[in-house]
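Predicted, not measured: the structure shown is a model, and the values here were computed from it.
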Amino acid sequence: MGALIMGYGPRFIVKEYALAIGVVFIMFGAYKTSTSWKEPEEKSKEL
């Protein structure tokens, strides 16, 4: 979605705004992807 905004955004809004919004969406997607890779921790750890 971020790449589409970066590519087609300048047709609808100012180029700099389209690039900034596109980068934000790409970073948000990378964050969500990296947090889904994390292995789930054991919920009950007894000593």
Side-chain angles (χ1 to χ4, degrees):
M1 186 168 155
L4 290 174
I5 292 173
M6 291 173 73
Y8 292 109
R11 294 181 182 190
F12 304 109
I13 57 176
V14 180
K15 180 181 178 182
E16 288 79 15
Y17 291 145
L19 292 175
I21 294 169
V23 168
V24 168
F25 277 112
I26 288 174
M27 295 318 253
F28 181 71
Y31 170 74
K32 294 298 282 184
T33 301
S34 67
T35 57
S36 68
W37 288 340
K38 188 170 46 172
E39 293 183 19
E41 297 178 14
E42 293 181 28
K43 291 185 179 180
S44 60
K45 291 184 180 179
E46 296 181 23
L47 297 174

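- Following chains of ILVMFWY side-chain contacts shorter than 4.5 Å, one cannot reach V14 starting from L19, and the two form parts of different hydrophobic clusters.
- By the criterion of side-chain heavy atoms lying less than 4.5 angstrom apart, applied directly or through intervening Ile, Leu, Val, Met, Phe, Trp or Tyr residues, V23 is grouped together with I26 in one hydrophobic cluster.
- With hydrophobic clusters built from ILVMFWY side chains whose heavy atoms lie under 4.5 angstrom apart, M1 shares a cluster with I13.
- The OG1 atom of T33 sits 9.5 Å away from the CZ atom of F28 when rounded to the nearest 0.5 Å.
- The distance from the NZ atom of K15 to the CE atom of M6 is 10.0 Å, given to the nearest 0.5 Å.
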